[in-house]
Each structure stands twice: as C-alpha cells, then as structure tokens.
Enquirer: 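There's a structure below that I have some questions on.
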2 protein chains.
Amino acid sequence: MIVTIRDVAKKAGYSITTVSRALNGFDDVNEETRAKIMAVAKELNYQPNRVARSLVTKTVNTIGLFVLGRSSFQQGFIADLVSGLIDEASTHDFDLLIFGTQSLKAGLPFQQLCHQRGVGGAVITGLKITDPIIAELEDSPFPTVLIDVPINGPKATYVTFDNQKGMVQALDHLYDLGHRKIGFINGHLEAWVCRERLAGYKKGLAKHGLTYNKAYVYNGNFSKESGRAGAKELIKKNPELTALMVASDLMAAGALEELTAMGYALPEDLSLVGFDDQTFAALTSPALTTIKQDEYLLGRLAAENIIKLINDPGYLPEIKTLTTNLVIRQSTGPVKS
Amino acid sequence: MIVTIRDVAKKAGYSITTVSRALNGFDDVNEETRAKIMAVAKELNYQPNRVARSLVTKTVNTIGLFVLGRSSFQQGFIADLVSGLIDEASTHDFDLLIFGTQSLKAGLPFQQLCHQRGVGGAVITGLKITDPIIAELEDSPFPTVLIDVPINGPKATYVTFDNQKGMVQALDHLYDLGHRKIGFINGHLEAWVCRERLAGYKKGLAKHGLTYNKAYVYNGNFSKESGRAGAKELIKKNPELTALMVASDLMAAGALEELTAMGYALPEDLSLVGFDDQTFAALTSPALTTIKQDEYLLGRLAAENIIKLINDPGYLPEIKTLTTNLVIRQSTGPVKS
DNA sequence: CTGTTAGCGCGTTCAC
DNA sequence: GTGAACGCGCTAACAG
C-alpha cells in the first residue's frame, strides 16, 4: 500500500541508491536509467517520505507557526494570516505546523521543541514586546520571523505594516474634513504596533501643526468593552473632540456603540476611524472608515522570509514593511460647524 | 546543543537501549537505574525526536487539518475551529499540520500525502457533499474526521451541529413573536449543512402548522452580496413576509443592508435571524438575532475524535452532534399588526 | 555511471 | 536487568 523507495528499486531493477539519485536530479546517472526509474516511480505513484528524508538531510520543509495569546486567535485576522502563510509555503513545498500557547508553556525550550518536530524555522505572532524570548531569538541561529514585533538578528527578522504612515494618512483625512481636536483610543503598549500607532498619531498631529494632548489618548486592551470605555471617558473629559481614532476595529465598534448610546450621531456629531479593516468594519452602521491591513499579504511575506532564512544560509534578512490603505466609509465626515 | 538519546546514555553511563526503555516506562528496568536516567534526561532537558521516533514506531502524533476552499478560510469561524483543535490536540501531545487547497491539487493521493508528512489522521473542512473523496474515505482504513459532512466508515466519522434543531428553535422564537410568513435565504446546496438547515426550516414550519412555500426560499452562496440579492428578491416577490431566516451571519448582514436600503426598519417592519454568531453579529444595527455555533467546541470535539481514531485501533466512532444556541438580539421583534 | 557501506535518532527483538 | 544488533526510509560517502 505505502510505496517506498525500495519498491521502486526492486521494480526498476536498480539499487536504492541509484533510485534516490535519479529522483533527486543528480547528474551522475545515465539518462536512460533515470527515465526508466522515473517511469516506475510515476507508475507506483512514489513520493519520498519526508520524515525519513529530513532525518538524514537535516534540512527540513516545515515551518512552525506559533500563535501566542488566546485572544489573538479569536480575533479575525489570524485566519487571513494563516491563509497567506499556507499559500506561500505550499508553492515552495513547505508545510505549516501550528502551535498554540499551550505548546510553549510545556517548558520545553523553544528551539528544541522545533527540532523535535522537524521544524526548520518559526513564525511567531502575538508576542509582547516585553517577552525575554525576543532577545534570545535575536542572537539565535534558528530562523525566526516575528509578526509585528521588531527584531534584528542574523537569522531573525520581522514583518509588519507601516503603522505610522497609516495613522498619518488617516489624520490627513480627518484634517481635510476640518477636524482639529482628535482623540485616540489605543491598545495596550505591550503591543509594539500600539507604540507605533501612537507615534504615528503624534507625527500626524505635528504635521498639521496640532499639539499633542496627553488627555486625548486612552489606552484600552483591544476588547470591544475597552473601546466603549475609552469613548466614554475621552468624550466626557474632552467634549471639544470632534473625531476619534481607534487602534482596532473591534474597539472602534465598541466606541461606536457607546457613542450611539450617548446620543451622538455619526458622522454628523463625531467622526470615527478604526484600524485593521476586519470583515465587520463594513457592516456596522455607519460603516467604519478604517486603516486596512492586508493580513493575507503579511502571511505571504512572512512565509517568503522564513523560507529564505531556512533555505539560504547566506541570506541576510531585509525588513520590508507593507503599507496600509485608508478605507473611507461612512463613519467620517466634515466637522460640525 | 541538540541533545539526543545518545547524550543521555553517555552521561548516565548506560546503553541507548536502556535509556529508551527507562524513559518509555518499561518495567524490565531497575528502578534505581530508571531514576538515574530520568534525572540525567531532565538535567539535559532531553526530549525524544518525534520524527525519528515515528519513523520506527509507525505511530504518529500529528493530525492534518485540510482547509478546502479559499472562502472557508476567509470566513471567521476557521480561526475558532483551529483554536479548539490545537488546544485539544496539545493536551494529548499531538501536533497540528495545516494544509490549504493547493496541497490537494498537487495530484498526490490524499492518503499518501498524509503518510509522507507523518500525518496519522486527517480533519477535513470545506468539503462539498458531491466530492468523490467522501466515498473513498468511507472505506479507507485511514482515520478521518469530516467537519459538517456526514460520513460513516470504520475509521471515518464526522462532527457537526444539530442544524435542524437550531432552525426549529429559531422558528419557535419567530412564531412566538407572531410571525407566520417566514422566508429563508439559504446557502448553496452543495454544503451539507444547508440541506439540514432547509430540512429544519421545513420541520419548524410543519411543527407550527405553517405550510412550506418554495417561493419563500432563496439559495445564495454564503457571500454578503447573495444575502442582499436574496433579501431583495424574496421581499419583492413576497411582500407578505414578516420575517427572514438566513443561513449565515454574513448573508444576514447583506440582507440587513439591503432591507435598510429599501427603507425597512428592523425589527419593526421585518425580523431577521442569522446563523453562526460570528463576532460581527453583535455589531450590526440592529444587532443580529442568530443561531450560535460554538466552533471552538467543534474543534475540540473533532480533535478528540481523530485522536481516538488514531490511537485506538478498536475504537468505533460514534457520532456526537453539538447543539446550537439561539442568541436573541435586536433584529427580531413582534410582528407588525 | 552504479552499487556497497554507513548512519540520521530512535525503538525493538534477542541473547547475555 | 542490561546491551548488542538490527531496521524504519532515506541520503551521503566511498569504491569500483
């Protein structure tokens, strides 16, 4: 039933070795022999057992994806990220092994865990900026690509979006609509992107000669509830605000609920900008203007990087950031005069 | 750096064989010896290489997840399903290898592909009811669990929700609110769940003495646009309808958009019920009443089944269906008198 | 050009 | 109780 290289050898009348070489494209094999062997292999539908192969070659065709933190899994974008990873990986004949938070808790050192499972490199998402593993990975010879957390080692790199630029673009949009008092509901600062988004917020303000006011910023935790809380607090304390930027669509949805409950009409009374462009951003009412991140593309980029890192010992990682796109819907409008 | 059984043997002063036996709990080893070996293993942080192990034992600790059809990946519920699979798998020390549509396209017979990758059993989602592979899997000795597609073989089973019951519950709710003319926007009938939902729709109608009217049913394709189209067509052709059931939240969101655009107020003029309870169901306005499926739980159940099927040769699969929950929000209300 | 030998890391006979 | 020898499926050195 399961056909091994031995079956092919027997049927073709050659040694196992010759079959191996013929199939792997070595040039020290008679073309006639190769043809015969290939024919038999095809007939028997032979495919080499990757497990056995990687055991001896020490090269490996599996990339490990570590999804840290339950919450990140629940949020929609992981699905797109994985989708991109798989598509890119499979074109390079790589497989994708997924690990959840629990796998790491087991206490097994990260790199050893990978080795055991025949994983040649890791893509990690959901890492907090404070995690000590980052420093460890930075010096490690083990190929690693982080999602949305900067790292810079011989075998470690990261992929992300230009969050600052995204924020500035959104601020341009709001400024053009006449907004001058703009609040910001951020996520927690353990997420690197949130620091970037805050920096972008400041940069955007400065660009238009607006002064940064600390009281205009609220730190949430990416939950819908924290979006509600943030909107409530910011608006109560700063009734002069005419627009709110929010570091995630989910928090923006919470803010939207709260503001509506408070009696504000959007975008007439207040403008709102989200971040991510998740599926539901188009479904709220008013539909959310948001800073779109194409997670599928990010997945492809991550896969591309990790595969290069694994395959090419001399490859020097270069950091490429993807750009976001401002998707203008109905939650933003001209400032009330 | 990478510690093998050989390192442990050397350091402990025993042969590789003895170490293997000690670590694997054989009872023909001196307890004192075992203790010493275990101590060394722990000290060296030794973990057996699963790749090498499965090569010799022929037993395997990897389950393959096949996500067929791009669309299913894009939809939110895959993330929760995967989350459940991982959590359950990792408690049994199983790994999860994910394959996308492309992997199967390669022409490699399914079972052989699994064998190559050291996959002991497969969980498959996104399968159409017309796929010939189902019959093949049914007779196959290869452990398989299908998501939402019935199958019944010695080593094949499936997990799903009681879609019929879910529909009936929702119909009960609508009936209690006074609705008698109830339309249904279904997905395509190549999805088994859609057939079930249709059956449930009919059953629910019959339960309340309402007659099934074919003109009240529209077949969409799970896209938001088809939800819009379905709502438009059903309402135009059957203005007497007072409620619409929809076979997915995304289509329901489309229907909601369309109905709102047509000038209907929900739930005053019309009631709407979705299916799935995806994140955004709570975010539309009005928030969607919907039939909730806990995909995380489904993932755990699937993992539990496939692991039993892999580990226990004598295990006879039994089909357990999970129940849905009707989540009542604001899109349903008493019929307009 | 081709076959023999060896070994990847591990578990399993079978002697001792 | 313990260890030597063998094999899983495959590739890599070395002969010939």
Side-chain angles (χ1 to χ4, degrees), chain A residues 1-38 40-41 44-62 93 108 111-120, chain B residues 1-38 40-41 44-62 93 112-120:
Chain A
M1 169 108 77
I2 296 304
V3 28
T4 76
I5 196 172
R6 190 199 245 97
D7 302 319
V8 179
K10 205 169 291 177
K11 180 142 190 176
Y14 286 93
S15 77
I16 292 180
T17 315
T18 305
V19 172
S20 171
R21 275 187 308 226
L23 261 30
N24 287 339
F26 282 57
D27 49 356
D28 62 342
V29 67
N30 189 317
E31 278 311 318
E32 218 171 292
T33 311
R34 186 197 306 277
K36 234 185 291 182
I37 290 177
M38 301 258 283
V40 173
L44 263 41
N45 219 320
Y46 168 74
Q47 292 289 130
N49 183 320
R50 293 164 74 119
V51 174
R53 165 185 272 171
S54 74
L55 185 59
V56 41
T57 60
K58 299 276 195 182
T59 67
V60 101
N61 283 285
T62 304
D93 199 30
L108 196 56
Q111 189 173 344
Q112 184 144 344
L113 178 131
C114 287
H115 180 256
Q116 259 184 58
R117 318 299 171 105
V119 165
Chain B
M1 169 108 76
I2 297 302
V3 30
T4 76
I5 195 172
R6 191 200 242 97
D7 302 320
V8 178
K10 204 169 290 175
K11 180 141 189 177
Y14 287 92
S15 75
I16 292 180
T17 316
T18 306
V19 172
S20 171
R21 277 187 306 228
L23 260 31
N24 288 340
F26 282 57
D27 49 357
D28 63 341
V29 60
N30 190 317
E31 278 312 318
E32 218 171 291
T33 311
R34 185 197 306 281
K36 232 185 287 182
I37 290 178
M38 302 258 281
V40 173
L44 262 41
N45 219 319
Y46 167 75
Q47 293 288 130
N49 183 320
R50 294 163 75 118
V51 174
R53 164 184 270 171
S54 72
L55 186 59
V56 37
T57 59
K58 300 274 196 182
T59 66
V60 98
N61 283 284
T62 304
D93 200 29
Q112 186 144 343
L113 178 132
C114 287
H115 180 253
Q116 258 186 58
R117 318 299 171 103
V119 165

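Because only heavy atoms are used, hydrogens play no part in the values below, and waters and symmetry mates are left out as well, while side chains stay in.
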Enquirer: Whole angstrom is fine here: how far is it from OH in A:Tyr14 over to P in C:dG3?
Expert: 7 Å

Enquirer: Only pairs at least two apart or in different chains count here, so list each side-chain hydrogen bond (donor to acceptor under 3.5 Å, both in side chains) that has a residue in residues 17-26 of chain B.
Expert: B:Ser15-B:Thr18, B:Asn24-B:Arg53

Enquirer: If you compare all heavy atoms of B:Thr4 against all heavy atoms of B:Tyr46, which two are closest, and at what distance to 0.1 Å?
Expert: C-CE1, 3.4 Å

Enquirer: Pick base, sugar-phosphate or nothing for B:Thr33, based on heavy-atom distances below 4.0 Å to the nucleic acid.
Expert: sugar-phosphate

Enquirer: Can you see which heavy atom on B:Leu55 is nearest to which on A:Ala52, and at what distance?
Expert: CD1-CB, 3.8 Å

Enquirer: How many Å lie between NZ on B:Lys36 and C1' on D:dT2, as a whole number?
Expert: 13 Å

Enquirer: Answer whether the closest heavy-atom distance between the side chains of A:Gln112 and B:Val3 falls below 4.5 Å.
Expert: yes

Enquirer: If the cut-off is 4.0 Å, is B:Thr18 near the phosphate of D:dG3, judged by side-chain N/O to OP1 or OP2?
Expert: yes

Enquirer: When you measure from the side chain of B:Arg34 to the backbone N and O of B:Phe26, does any donor-acceptor pair fall under 3.5 Å?
Expert: yes

Enquirer: Please report the distance, rounded to the nearest Å, between CG in A:Leu23 and P in C:dT2.
Expert: 14 Å

Enquirer: Determine the minimum heavy-atom distance between A:Arg50 and A:Asp93, stating which atoms define it.
Expert: NH2-O, 2.9 Å

Enquirer: Reading nucleotides 8-16 of chain D from the 5' end, what letters show protein touch, with B for base, S for backbone sugar-phosphate only, - for no heavy atom under 4.0 Å?
Expert: BBBBBB---

